[in-house]
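Here's the structure, in structure tokens; my notes come after.
Every number for a ligand or one of its atoms is a count from 1 in the order of the listing.
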Amino acid sequence: MKDKLIEKLIKAEEKRQAEGLELIPSENYVSEDVLKANGSVFTNKYSEGYPGKRYYGGQENTDAVERLAIERACKLFNCKFANVQPLSGAPANVATYFALMEPGDTIMGMDLSHGGHLTHGSPVTYISKIFKFIRYKMKNIETGEIDYDDMLKVAMKEKPKIILAGFSAYSRELDYKKFIKIAHKVGAITMADMAHIAGLIAGKAVRNPFTDGFDIITTTTHKTLRGPRGGMILIRDNEEIAKKIDKSIFPGLQGGPHMNNIAAKAVAFGEALTPAFKKYTKQILKNAKVMAEVFRKNKIRMIGGGTDNHLILADVYGSLGVTGKEAQDVLDEVGITLNKNMIAEDPRKPMDPSGIRFGTPAITTRGFKEKECRRVAELMILVLKNKNNKKIKESAHKKIKALAKKFPIPKKFV
Ligand SMILES: Cc1ncc(COP(=O)(O)O)c(C=O)c1O
């Protein structure tokens, strides 16, 4: 590479990823083939429009790539229509809102402090100035059970156009049938933002909202799905909705699609269609359960009481007197990356909350099984309980490095 400054930084990032353990639940490692497609000459091409209906010439290869990505996405999630052009998860959500609502309309999503995402209506987003967001919450923070009764009551009163399931920091399975029942009562469309668990759905490790009759799924492609950074919108079977979504992405929100990124999505979907991927997603769940077990044994409170998916949200401040920021920093020191996170009804502030959020998608890609995950959880707790003990931290760091060395990031998955 001619640009030595950037080359050096790429190498440094490769080293950081290789030597540390990645526990941020929204991160993962892609295969060499996904990287190759993402770095391909498709980045040179403008392809505004959709396959067969483009504004520029020279589309014989881009059309084929996008058709393949769509076909594989539909097979993977068992639906009829897919738009693979969203540049990421946030624009996928914004485009869906605009496709189905008028300014001032109401949408019901999970409360941010109970696990929802910024794009589900945080007051700091532009969309919150355009649409009215109403919330549902957990009924019981210790079990993670959603308050479906209150949800119905509020929905009957507010008549949302969309009822949105989905989360960034929630560890239990949602009861999609209950969402649908409420939506039918108020005439709302059901939308599931499955950004975090898309890979788990694709691998059939958790339930697919389409099986219960959800209308739309939005997602990122770079988390458990193990593809390039990007987004996608899936429509179960309603062609009218699919047409509105297409128009909303282009020309409504975006310009030319990033065809290199769509090629990489197609490769990742191909990988996700293999039996090896199914096995991978089941292992993600087993690994998360083992880590939760260690936290439970050590009497560390977990929001929702444990996990049914890939992530755990632990109240380290309430249980150990270590703040989320302190925990994130001290674990960083020993080679474990995760993120501080607000917990439901958090007495602390977002920049130094009570919780940490961590998960198993990336370490499972490395080949970690239950034994290694148990060890990592034990080391995490040891470090958190001894955050000022240099000797213990040094010893833990050595063990983490050794684990990372023993399980290098694979380049191929199939
Ligand atoms: C549930 C959910 N939706 C949407 C997004 C936004 O995705 P992106 O960061 O790719 O825009 C995220 C990202 O964390 C997410 O967790």
Side-chain angles (χ1 to χ4, degrees), residues 22-28 30 34 38 77 83-98 107-122 124-128 131 133 135-136 144 146 162-174 176 179 190-202 206 209 214 216-234 245 248-249 253-254 257-258 261-262 264-265 268 284 303-304 307 309-313 337-342 350 355-362:
E22 188 54 70
L23 292 190
I24 295 176
S26 50
E27 294 191 14
N28 214 331
V30 298
V34 168
N38 213 23
F77 290 91
N83 188 310
V84 294
Q85 293 193 3
L87 302 177
S88 218
N93 284 346
V94 172
T96 306
Y97 300 156
F98 276 102
I107 170 165
M108 181 177 227
M110 190 187 263
D111 192 274
L112 304 182
S113 71
H114 283 226
H117 186 255
L118 282 174
T119 56
H120 302 172
S122 160
V124 300
T125 61
Y126 295 145
I127 42 165
S128 70
F131 304 113
F133 286 86
R135 321 260 178 234
Y136 56 88
I146 301 291
I162 296 177
I163 291 188
L164 170 58
F167 46 78
S168 301
Y170 178 76
S171 59
R172 293 301 190 185
E173 278 235 60
L174 297 172
Y176 299 121
F179 277 80
T190 40
M191 166 181 172
D193 176 355
M194 297 289 108
H196 261 262
I197 59 169
L200 306 179
I201 293 170
V206 300
F214 258 66
I216 298 168
I217 291 180
T218 57
T219 183
T220 55
T221 48
H222 48 270
K223 297 182 173 132
T224 46
L225 195 47
R226 213 160 57 179
R229 305 206 77 73
M232 173 162 68
I233 306 170
L234 305 157
I245 297 273
S248 187
I249 282 289
L253 181 69
Q254 295 184 175
H258 296 185
N261 185 252
I262 292 176
K265 284 174 188 171
I284 292 177
I303 306 306
T307 185
N309 57 29
H310 63 303
L311 73 80
I312 291 161
L313 187 55
T337 314
L338 47 64
N339 63 280
K340 59 181 184 289
N341 214 100
M342 292 286 276
I356 52 171
R357 186 189 69 151
F358 60 96
T360 52

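Per-residue contacts place Asp193 under 4.0 angstrom from the following atoms of ligand 1 (heavy atoms of the residue considered): 1 (C), 2 (C), 3 (N), 4 (C). Ligand 1 places these atoms under 4.0 Å from at least one heavy atom of Gly89: 6 (C), 7 (O), 8 (P), 10 (O), 11 (O). When each atom of ligand 1 is checked for a heavy atom of His196 under 4.0 Å away, the hits are 16 (O). Which parts of ligand 1 touch Ala195 is read off a 4.0 Å heavy-atom cut-off, strictly below it: atoms 1 (C), 2 (C), 3 (N), 15 (C). Annotation for ligand 1: atoms under 4.0 Å from non-hydrogen atoms of Thr220 are 7 (O), 10 (O). Per-residue contacts place Phe167 under 4.0 angstrom from the following atoms of ligand 1 (heavy atoms of the residue considered): 1 (C).
Comparing heavy-atom distances from atom 15 (C) of ligand 1 across His117, Met110, Glu27 singles out His117 as nearest.
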Go through it in stages, so that I can follow the logic: the residues are Ser171 and Asn309, the test is side-chain hydrogen bond (donor to acceptor under 3.5 Å, both in side chains), and I'd like the CA-CA distance, side-chain angles, deciding distance and then a yes or no.
CA-CA 6 Å; Ser171 59; Asn309 57 29; 5.3 Å; no

side-chain hydrogen bond (donor to acceptor under 3.5 Å, both in side chains) evaluation trace for Asn28 with His222
CA-CA 7 Å; Asn28 214 331; His222 48 270; over 6 Å; no

Inset, instruction - For Met194 and Thr218, run side-chain contact (heavy atoms from CB on, under 4.5 Å): C-alpha distance rounded to whole Å, both residues' side-chain angles, the deciding distance at 0.1 Å, then the answer. - result: CA-CA 6 Å; Met194 297 289 108; Thr218 57; over 6 Å; no

Would you please test Phe131 and Phe98 for ring pair (Phe, Tyr, Trp, His ring centres under 6.0 Å) and show each step?
CA-CA 9 Å; Phe131 304 113; Phe98 276 102; 5.0 Å; yes

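In this structure, the side chain of Thr220 engages the main chain of Ala195 through a donor-acceptor pair within 3.5 Å.
A donor-acceptor contact closer than 3.5 angstrom is absent between the side chains of Asp193 and His117.
Among protein heavy atoms, the minimum distance from atom 16 (O) of ligand 1 is reached at Ser168 OG, 2.8 Å. Nearest protein heavy-atom neighbour of atom 9 (O) of ligand 1: Ser88 OG, 4.4 Å.
Here Ala90 has heavy atoms under 4.0 Å from ligand 1 in both its backbone and its side chain.
The shell of residues lying under 4.0 angstrom from ligand 1, judged by heavy atoms, includes Lys223. Proximity of His222 to ligand 1 is established by a heavy-atom distance of less than 4.0 Å.
Annotation for Arg135: atom CZ counts as buried by contact number, over 12 foreign heavy atoms lying within 6.0 Å.
For the side-chain contact (heavy atoms from CB on, under 4.5 Å) test with Ile146, the passing option among Met110, His114, Arg172 is Met110; the others fail.
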